[in-house]
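Computed from a predicted structure; not experimentally measured. Order of the sequence lines sets the chain letters (A, B, ...), proteins ahead of strands, with each chain counted from 1. Computation of the quantities below employed the complete heavy-atom set of this structure, encompassing side-chain atoms and omitting hydrogens, waters and symmetry-equivalent molecules.
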2 protein chains.
Amino acid sequence: MIVEIISIGDEILAGNILDTNKQYISDSFWQLGFKVKYHVSVCDDEGDIGDALLLAAKRADVVICTGGLGPTADDFTVEVAAKTFKVKLVENEMVLNSLISLLEKKGRKLCENNRKQARVFEKGKAFLNKVGTAPCVNYCFKGTDFYFLPGVPREMKSLLNESVLPNILSSRVSQYHFKTKFLKTFGCPESELDNKLKDLWRDRTFIDKARIGFRCHLPEVTIKVSVWDKNESEAQNQLGSVVKKIYDRVGEFIYSEDKRESLESLLIKKLSENNKTLATAESCTGGLIAKRLTDISGASRVYLGGVVSYANSVKEDVLNVSQDIINKYGAVSRECAEAMVKGIKHQTKADYCAAVTGIAGPDGGSKEKPVGTVHVALIKNGELSHQKLFLPYPREMFRMIVSSVILKAFLDE
Amino acid sequence: MIVEIISIGDEILAGNILDTNKQYISDSFWQLGFKVKYHVSVCDDEGDIGDALLLAAKRADVVICTGGLGPTADDFTVEVAAKTFKVKLVENEMVLNSLISLLEKKGRKLCENNRKQARVFEKGKAFLNKVGTAPCVNYCFKGTDFYFLPGVPREMKSLLNESVLPNILSSRVSQYHFKTKFLKTFGCPESELDNKLKDLWRDRTFIDKARIGFRCHLPEVTIKVSVWDKNESEAQNQLGSVVKKIYDRVGEFIYSEDKRESLESLLIKKLSENNKTLATAESCTGGLIAKRLTDISGASRVYLGGVVSYANSVKEDVLNVSQDIINKYGAVSRECAEAMVKGIKHQTKADYCAAVTGIAGPDGGSKEKPVGTVHVALIKNGELSHQKLFLPYPREMFRMIVSSVILKAFLDE
């Protein structure tokens, strides 16, 4: 089955917005084993929209169109499609009633522009939009199934997942069962993961019964495994077998099988479960660790806070790092990191403490201590440990990696 | 002049990567007043690539193709194009020499795969890639100008800006002068900016001689103004006149005309110039202000550091906020914010100090102090000021807005 995705809207062609819908839709189809072969975007232009629909009808089995379903005058995708397909539009009672009640809740009345959104293809289907006004309308033209969805990502996703994909699956490929797993990793570059796993599949993009893909959110990489089979338990077994092979090879880097989890959310969860508290003393990461921890709602239960000791004076005055240490070993040294972690432990009495001092660059490096040098000191279960790292990456990436190293260190112990 | 953008690569169609190139290229052409009418993506498939090129030749004047120029076997865009255009590929000496010297610098020798990258269209142009191996190759087929660029965004951008656009401008539209200005704003939502400015132009997307667009990087919005005219000084005057009108209406929200500047970079610059230091005491923002300031290289000259006093114990023990204040007024109160800012001033002796305490949510709100309540206290030039805000936004947005409010407050004074 061949899928084409068409997005409609001047704002995309003018570069005013980034079209993220296509990746989401492609990925969703890929999960189900369907091949997306064409992406097209055209302006709000009747001729261009019509041409794009006709071309898609020739080469694709399923076409997903987004955009141009709004209530305003320049939203006319469905009208153009009806003309192109030579089919009538009729008012759909279910959609109309849903629109009326949706607008009522907002204290508004149905106007003519909204009423337009209740017009659907004769002999086509309509699917209600749970998070907005524009429904998804469907029509089969010359054997090709067209689905028209709103371009607002939240509405598109809701309709795609709750209506379009189930409808396609029930009519097209009910004989297949699909299973997917996400493995979140930190500590191994994508190219190295690829290298360690590449013999597990034949073709990165399309393969029978199992597929592995990588998604980078640097410095992290998520491994996505999808399998499909006519027999559900066979699919489950196959998934288990592929995932086991992946764990055997790169298990040390995998920290979660849940897409929504992050190093910071896992750490907050772990500390909450164990009734432990955490505090931080940050120099080169400048508050990034604190920021990442407090991104998580509920962090206040376990994260007491910290000190961003960017200047030496703050290391001395707030963290009680002695001037001698800084004079003798420098602010970027094992001795300073250890004094910092002792200082924050003393100040906060937290069960777990982390301190980090390093050179994020691009300036400030020397021959002995080049940009990328970092000293990390941790206190875990009353024991102090130290780690020296060399991470010669650009400033932002350096800071992300250092903060992730510390979060992972507390997770691993 | 009509522009079409084609990207080639299985990874895009499979949804493995988000294609950000099209927005960048579209925006770049739009800046110059050229209309991008079509976006297309196809797989690494000879037939599909050929069909896409032929269709583009029919409907566009300029075609920008990205992807499939790498040294590996599945990179064959140029070979397919040559077949499609029925033109020979010839080895280009300039490109070959550049490749050899580039590889030499990395201690590598030219292999057959790399040599492939030196093959260009007979009677076509080639432009050297300053940041990678694949050059940009150009060919005019049936009156349509095709440019083939690498898909790696950094390489694409470098070639587009330094070679492709200048080449197009010199050959196509030398009669026009284009002027652009970016106005970075904070504090006014996009819809409100749009409302205040919308009578300044007739059509948001394409208009003669002046165009205004918005780019959201929430909570900030950048206003982009572009004008063009055959007469350069007329273009300059027109730009000045539109920009003046914008300042008259929304000037209070504009903080920079330089795309690269941010609230944090401007503040660091201002403090450096005035030889002043800054420190922070953060509760609800949890280190985000510190993180944003230290994102800027050179922050260490002026930013001393701060305390993330997430727990009350840290407010008391590190910032010397009295237990009485917390018991009597609560941690989210004017009194606590003021005690925090005095505490950080005492600890760090910084010239400028900021303290913030609030309820980021989603939990922790009450009837008297709902989620979104914030107290900000600042010390500027020895004077303490306080501000109570109510920002009922999701956690992440809440924290971004609060941190921006504080950065802007120091910039404004």
Visitor: Taking the side chain as every heavy atom from C-beta outward, state whether A:Leu293 and B:Tyr310 have any pair of such atoms under 4.5 Å apart.
Guide: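 They are not in side-chain contact.
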
Visitor: Is chain A contacted by the side chain of B:Ser7, its backbone, both, or neither, given a heavy-atom distance below 4.5 Å?
Guide: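 Contact with chain A is absent: no heavy atom of B:Ser7 under 4.5 Å.
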
Visitor: Could you tell me which portion of A:Ile344 (side chain, backbone, both or neither) has an atom closer than 4.5 angstrom to a non-hydrogen atom of chain B?
Guide: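 Contact with chain B is absent: no heavy atom of A:Ile344 under 4.5 Å.
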
Visitor: Of the non-hydrogen atoms in A:Ile17 and B:Gln23, which two are nearest, and what is the gap between them?
Guide: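 It is C-NE2, 3.4 Å.
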
Visitor: Hey, mind stepping through A:Val40 and B:His39 against side chain to side chain contact (heavy atoms under 4.5 Å, CB included) and telling me if it holds?
Guide: CA-CA 5 Å; A:Val40 168; B:His39 283 180; over 6 Å; no

Visitor: Specify the closest pair of heavy atoms between A:Ser26 and B:Ile12, including all atoms of both residues, with the distance to one decimal.
Guide: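 Heavy atoms of A:Ser26 and B:Ile12 come nearest at OG-O, 4.2 Å.
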
Visitor: Please state whether the side chain, the backbone, both or neither of A:Ser28 comes within less than 4.5 Å of a heavy atom of chain B.
Guide: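 Looking at A:Ser28, nothing touches chain B.
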
Visitor: Using 4.0 Å as the upper bound for N to carboxylate O, is an ion pair formed by B:Lys37 and A:Asp48?
Guide: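 Yes, A:Asp48 and B:Lys37 are salt-bridged.
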
Visitor: Report the option among B:Gly298, B:Gly306, B:Ser313 that has the most heavy-atom pairs separated by less than 4.5 Å from atoms of chain A.
Guide: B:Gly306

Visitor: Taking all non-hydrogen atoms of both residues into account, name the closest pair between B:Gly287 and A:Ala290 and its distance.
Guide: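 B:Gly287 and A:Ala290 have their closest heavy atoms at CA-CB, 4.3 Å.
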
Visitor: In terms of heavy-atom pairs under 4.5 Å with chain A, which of B:Asp27, B:Thr20, B:Ile6 leads?
Guide: B:Asp27

Visitor: A:Ser297, A:Ala350, A:Gly305, A:Ala299: which one forms the most heavy-atom pairs within less than 4.5 Å of chain B?
Guide: A:Ser297

Visitor: Could you tell me whether the side chain of B:Arg399 reaches within less than 4.5 Å of the side chain of A:Lys291, counting heavy atoms only?
Guide: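 Side-chain contact under 4.5 Å: yes.
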
Visitor: Please check if atom CZ in A:Phe182 has more than 12 non-hydrogen atoms from other residues, nucleotides or ligands closer than 6.0 Å.
Guide: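 Counting neighbours around CZ of A:Phe182, more than 12 heavy atoms of other residues, nucleotides or ligands fall under 6.0 Å, so yes.
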
Visitor: Based on non-hydrogen pairs under 4.5 Å, which of A:Asp295, A:Thr348, A:Val314 is most in contact with chain B?
Guide: A:Asp295

Visitor: Going through the checks in order, is the side chain to side chain contact (heavy atoms under 4.5 Å, CB included) test met by A:Thr280 and B:Val308?
Guide: CA-CA 9 Å; A:Thr280 50; B:Val308 179; over 6 Å; no

Visitor: Rounded to the nearest 0.5 Å, what separation is found between the CG atom of B:Asp45 and the OH atom of A:Tyr38?
Guide: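 OH of A:Tyr38 is found 7.0 Å from CG of B:Asp45.
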
Visitor: Quick check on the interface: out of B:Gly286, B:Ala311, B:Ser283, who has the most heavy-atom pairs with chain A under 4.5 Å?
Guide: B:Gly286

Visitor: Counting only heavy atoms not in B:Arg301 (residues, nucleotides, ligands), do more than 12 fall under 6.0 Å from its CZ?
Guide: no

Visitor: Does any heavy atom of chain B fall under 4.5 Å from the side chain of A:Gln347, the backbone, both, or neither of them?
Guide: both

Visitor: Give the minimum heavy-atom separation between A:Leu18 and B:Leu18, together with the two atoms involved.
Guide: CD2-CD2, 3.7 Å

Visitor: Looking at every heavy atom in both B:Arg395 and A:Thr294, which two are closest together, and how far apart are they?
Guide: NH2-O, 2.6 Å

Visitor: Rounded to the nearest 0.5 Å, what separates atom CD in B:Glu4 from atom OG in A:Ser41?
Guide: 10.5 Å

